[in-house]
Amino acid sequence: MSNPDTASAAHAPFPRPLALLLMCGMATLFASNHVAARVAFDAGTGLLLAILVRSGVALTILACLMVVQQKRLSLPAGTRSWQLLVGLLVTVQSLCLYSAVARIPVVVALLLMNTLPVQLALLSWALGGSRPTARAALIMGVILVGLVVVLDVPAWLGEPEAMGPEWLAGVGFGLAAASAFACALWITEHRLAEVGSTLRTLLTMLTVLVAMLAAGALELVPGGLTLPLSLHGWMGLAALGLFYGVAFSTLFIFVPRLDMARNGPAMNMEPVAALVLGYVVLGQALSPVQLVGGGIVVAGILVLGFSKRA
């Protein structure tokens, strides 16, 4: 017979310093996944193949968790179509984010993805939720100013060709990734609350995997399943699956003990880690002005996150 005190201790929140350290570590691993993806893309790796590897690793981990936890593979009535929609939205988010990473510096792509809290707040308001407070609206405005700086919009308007032919597309993909994920999170919170987190995530990853296989078979993305052309490409492909798999599984296993309500904003360490890794591994560097803009974005998101929490 299990000891209630032992069971309670096993689910007690980690001390805050440990929880923050773990979350910063996971954010760094997620950033490493995107840097590894850029290495793979630069070596000719197909976009669909990269997502297949990432989703396959995550799906394997989730399937093992389902077996260990002896979870049932059944959805509550009325949730199947919403679950499918979430899976398709995450598929779009994965395609858009990796497309952004392939076109613009990794840290810029992740800063665009980190507009997620702003987009989710506006979406929730538009769909009948509470209106953002004046303080939250001010913080969102500061974040947008930071994005204008980090994207160097004035330079682009003055000399578009200097930013590269794929700069605008990369920015669009980054913002679209955040929009798709914001929609997925809203549906998850308001339409799939009765679905267990393990099952919901498993089915989401399964949908992504099947969608990528179908897109590859139908050749919807030219060259989407192209294999890497060099050893570095293969290493990048293996690394993106490993980094994402380790970060994903760690987050999923320990999330009950991480006190996400208080510590969630620590995950915004990801673009900071991407900035360092992008410089060390890829030689990608932002100008001093862009660094200031990136700092404004991260600081604004942290303030927005903590302002809603105790």
Donor + acceptor pair across side chains of Thr79, Gln83 (<3.5 Å):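 Side chains of Thr79 and Gln83: no pair found under 3.5 Å.
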message: Less than 3.5 Å apart, any donor N or O on the side chain of Gln93 or Ser179 sitting next to an acceptor on the other?
response: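 Result is no, nothing qualifies.
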Would you mind writing out the side-chain donor-acceptor pairs for residues 210-231 within the sub-3.5 Å range, not counting sequence neighbours?
{"unit_1": "Thr226", "atom_1": "OG1", "unit_2": "Gly223", "atom_2": "O", "d": "2.8"}
{"unit_1": "Ser230", "atom_1": "OG", "unit_2": "Gly233", "atom_2": "N", "d": "3.3"}

field: Aromatic ring proximity, centroids under 6.0 angstrom, Tyr98 and Phe173
entry: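 No, too far apart.
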task: For His190, look at atom NE2 and say whether over 12 heavy atoms of other residues, nucleotides or ligands are found less than 6.0 Å away.
output: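 More than 12 within 6.0 Å, yes.
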message: Counting only heavy atoms not in Phe14 (residues, nucleotides, ligands), do more than 12 fall under 6.0 Å from its CZ?
response: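 Atom CZ in Phe14 is packed in, count exceeds 12.
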field: Residue pair Leu291 / Ser287, side-chain heavy-atom distance below 4.5 Å
entry: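 Leu291 does not reach Ser287 side chain to side chain.
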query: Between Ser55 and Leu52, is there a donor-acceptor pair closer than 3.5 Å when you use the side chain of the first and the backbone of the second?
result: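 No: the side chain of Ser55 does not pair with the backbone of Leu52.
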message: Using 0.5 Å steps for rounding, measure from the CZ atom of Arg16 to the CG atom of Leu18.
response: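 Here the rounded value is 13.0 Å.
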- prompt: How many angstroms lie between atom CH2 of Trp125 and atom CZ of Arg131, to the nearest 0.5 angstrom?
  reply: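 Here the rounded value is 5.0 Å.
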task: Could you pull out all residues at least two apart from Arg103 that satisfy salt bridge (Lys or Arg N to Asp or Glu O under 4.0 Å)?
output: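 Partners of Arg103 by the salt bridge (Lys or Arg N to Asp or Glu O under 4.0 Å) criterion, ordered by chain and then number, come out as Glu166.
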query: What heavy-atom pair brings Ala182 and Leu120 nearest, and what distance separates the two atoms?
result: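 Nearest heavy atoms, Ala182 then Leu120: O-CD1, 3.5 Å.
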- request: Please assess Arg54 against Ser94 for the test side-chain hydrogen bond (donor to acceptor under 3.5 Å, both in side chains), listing each intermediate value before the final yes or no.
  value: CA-CA 10 Å; Arg54 190 188 79 166; Ser94 300; 2.7 Å; yes
Can I get a per-line list of side-chain donor-acceptor pairs under 3.5 Å for residues 235-255, giving both atom names and the distance, sequence neighbours left out?
{"unit_1": "Ser249", "atom_1": "OG", "unit_2": "Gly245", "atom_2": "O", "d": "2.8"}
{"unit_1": "Ser249", "atom_1": "OG", "unit_2": "Val246", "atom_2": "O", "d": "3.0"}
{"unit_1": "Thr250", "atom_1": "OG1", "unit_2": "Val246", "atom_2": "O", "d": "2.7"}

